[in-house]
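Computed from a predicted structure; not experimentally measured.
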Amino acid sequence: METTPLRIRMEATPHRNSNRRSNRIGFWRLILTFAGFIVAAALNSQLHADIPWPEVVRRLTYENDKLARRPQGHNGEYFVVCTLYYTPKESGFTFERGFDATAVTKPGLHGRKYPRDFLRSVKKEGFGRITTPVNGRYYIRYNGSDSYAFASHATGGGGVLVPRYSAAMKGGHGGLRRGAVIETTSPELQKIFGSSRWKIMDTGGGLRQWQIDCYFGEDEPLGPGKLQGRPHATTFEYAYANARIVD
């Protein structure tokens, strides 16, 4: 009488083996899914990472001190960090892409309304391209004090901005001044911009010492939040470069 339960358990064994195989497959699927989440989170973290300014400042100071101690001094050569700015396009700021596209107006826009996040990007980048021109003007310019104006071109202190050529820099870097043309040595910059020659056309109060802000051109934003400050075409954040004044 006592053997029956045992026989039943033994006969049930193949069925349990099948469950174990199924459970193992499910377990590994879970592991792979979890690993995918980790990779996605890491990539997302990289996209949202801020520039490590304390580390960057130390490196810039160290390298430029070395150059300054040479018998010839800097002699037109500097070690810089290159960042990116661009002209955001209104067309990319939609609810579907996760932006706050609520239509709002600001002083200087004469009642015309634009996506709220678009105007925030214009405030940060200086200019933005609008979808529908106003009196032949395709751009909005930030004037300061939460005021805007329509413009015919995206410009800097030295004239109309030229993609992959115009740059901005904080003043007071010796020969690195407005109007100077510099040549950078950096494989990453060459890869992203396809250029190694820049003209400093503007200065920026928000820029740091030895930082060169390179103009990428017009593009829709990479994404909402911090990604609004990057064009859709690249995830470039910053790169070190040797810079020499050529003109």
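Closest heavy-atom contact between F99 and G92: CE1-O, 3.4 Å. A pairwise comparison of heavy atoms in S152 and R137 identifies OG-CG, 3.5 Å as the closest pair. What you find for S91 and T131 is that their closest heavy atoms are N-OG1, 3.8 Å. In terms of heavy-atom proximity, Q228 sits nearest to S121 at NE2-OG, 3.0 Å.
Taking the side chain as every heavy atom from C-beta outward, L119 and V104 approach each other to under 4.5 Å. The closest side-chain heavy-atom distance from L84 to P231 is below 4.5 Å. Residues F193 and F236 form a side-chain contact, since some pair of their non-hydrogen atoms from C-beta on lies under 4.5 Å apart. Counting heavy atoms from C-beta on, the side chains of V246 and I182 never come closer than 4.5 Å. Side-chain contact between Y215 and V162 is absent, with no heavy-atom pair separated by less than 4.5 Å. Residues W210 and Y78 form a side-chain contact, since some pair of their non-hydrogen atoms from C-beta on lies under 4.5 Å apart. In this structure, K199 and S166 have side chains that are not in contact, with every pair of non-hydrogen atoms separated by 4.5 Å or more. Using a 4.5 Å heavy-atom cutoff, the side chains of F93 and P224 are not in contact.
Applying the 6.0 Å contact sphere to OH of Y62 captures no more than 12 heavy atoms from other residues, nucleotides or ligands. In this structure, F79 places its CZ atom where more than 12 heavy-atom neighbours from other residues, nucleotides or ligands lie under 6.0 Å away.
In this structure a side-chain-to-backbone donor-acceptor pair under 3.5 Å is present from T61 to V57. Under a 3.5 Å cut-off, the side chain of N242 and the backbone N or O of T185 do not form any donor-acceptor pair. Proximity of a side-chain donor or acceptor of R69 to a complementary backbone N or O of L67 within less than 3.5 Å is not detected. Looking only at distances, a side-chain donor or acceptor of Q211 sits under 3.5 Å from a matching main-chain atom of R208. Without hydrogens or angle criteria, R70 side chain to H74 main chain gives a donor-acceptor distance under 3.5 Å. Judged by distance alone, with hydrogens and angles left aside, the side-chain atoms of Y142 form a donor-acceptor pair with the main-chain N or O of D146 at under 3.5 Å.
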Self-check item: Full working for side-chain contact (heavy atoms from CB on, under 4.5 Å) between Y114 and V122
Solution: CA-CA 11 Å; Y114 298 94; V122 173; over 6 Å; no
Exercise. Using the side-chain contact (heavy atoms from CB on, under 4.5 Å) rule, take V134 and R112 through it: C-alpha gap first, then chi angles, then the decisive distance, then the call.
Key: CA-CA 10 Å; V134 176; R112 290 181 173 83; 3.6 Å; yes
Exercise. Output, in order, the C-alpha distance, side-chain angles, deciding distance and verdict of side-chain contact (heavy atoms from CB on, under 4.5 Å) for V181 and R197.
Key: CA-CA 7 Å; V181 177; R197 183 162 291 210; 3.6 Å; yes
Practice problem: May I have the step-by-step check of salt bridge (charged side-chain N to carboxylate O under 4.0 Å, His left out) for E220 and K89, ending in yes or no? | Solution: CA-CA 5 Å; E220 294 183 349; K89 298 170 71 172; 5.7 Å; no
Exercise. Apply the test side-chain contact (heavy atoms from CB on, under 4.5 Å) to residues E125 and R120: give CA-CA distance (whole Å), side-chain angles for both, the deciding distance (0.1 Å), then the verdict.
Key: CA-CA 9 Å; E125 304 294 336; R120 286 171 178 161; over 6 Å; no
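Transitive grouping of hydrophobic side chains (ILVMFWY, heavy atoms separated by less than 4.5 Å) keeps Y85 and L222 in distinct clusters. Put simply, V81 and W198 are part of the same group of oily side chains (I, L, V, M, F, W, Y) that touch within less than 4.5 Å, one to the next. Each of V160 and Y165 belongs to its own hydrophobic cluster when Ile, Leu, Val, Met, Phe, Trp and Tyr are linked at side-chain heavy-atom distances under 4.5 angstrom. Residues L207 and V80 fall into different hydrophobic clusters, defined by Ile, Leu, Val, Met, Phe, Trp and Tyr side chains chained together at heavy-atom separations under 4.5 Å. I212 and L60 fall within the same hydrophobic cluster, defined by Ile, Leu, Val, Met, Phe, Trp and Tyr side-chain heavy atoms under 4.5 Å apart, directly or through other members.
The cationic group of R164 lies under 6.0 Å from the six-membered ring centre of F216 and within 45° of the ring axis, placing it in a cation-pi geometry. For R129 and Y139, the positive end sits near the middle of the six-membered ring, less than 6.0 Å away and at most 45° from its axis. A cation-pi arrangement is present between R59 and Y240 under the rule of less than 6.0 angstrom and at most 45 degrees off the ring axis.
For the atom pair OG (S186) and NZ (K191), the distance works out to 11.0 Å, reported to the nearest 0.5 Å. Distance check: I245 CD1 to L176 CG gives 4.5 Å after rounding to the nearest 0.5 Å. Put simply, OG on S147 and CZ on R141 are 9.0 Å apart, with the number rounded to the nearest 0.5 Å. Here the CG atom belonging to L189 is positioned 5.5 Å from the SG atom belonging to C214, to the nearest 0.5 angstrom. How far CG of D202 is from OG1 of T155: 8.0 Å, rounded to the nearest 0.5 Å. In this structure, H153 NE2 and T87 OG1 are separated by 12.5 Å, a value rounded to the nearest 0.5 Å.
We find that K66 and E63 are joined by a salt bridge, their nearest charged nitrogen and carboxylate oxygen being less than 4.0 Å apart. Ion pairing between a basic and an acidic side chain is recognised when a charged N comes within 4.0 Å of a carboxylate O; D50 and K226 show such pairing. A salt bridge between R244 and E183 is absent, with no side-chain N of the basic residue lying under 4.0 Å from a carboxylate O of the acidic one.
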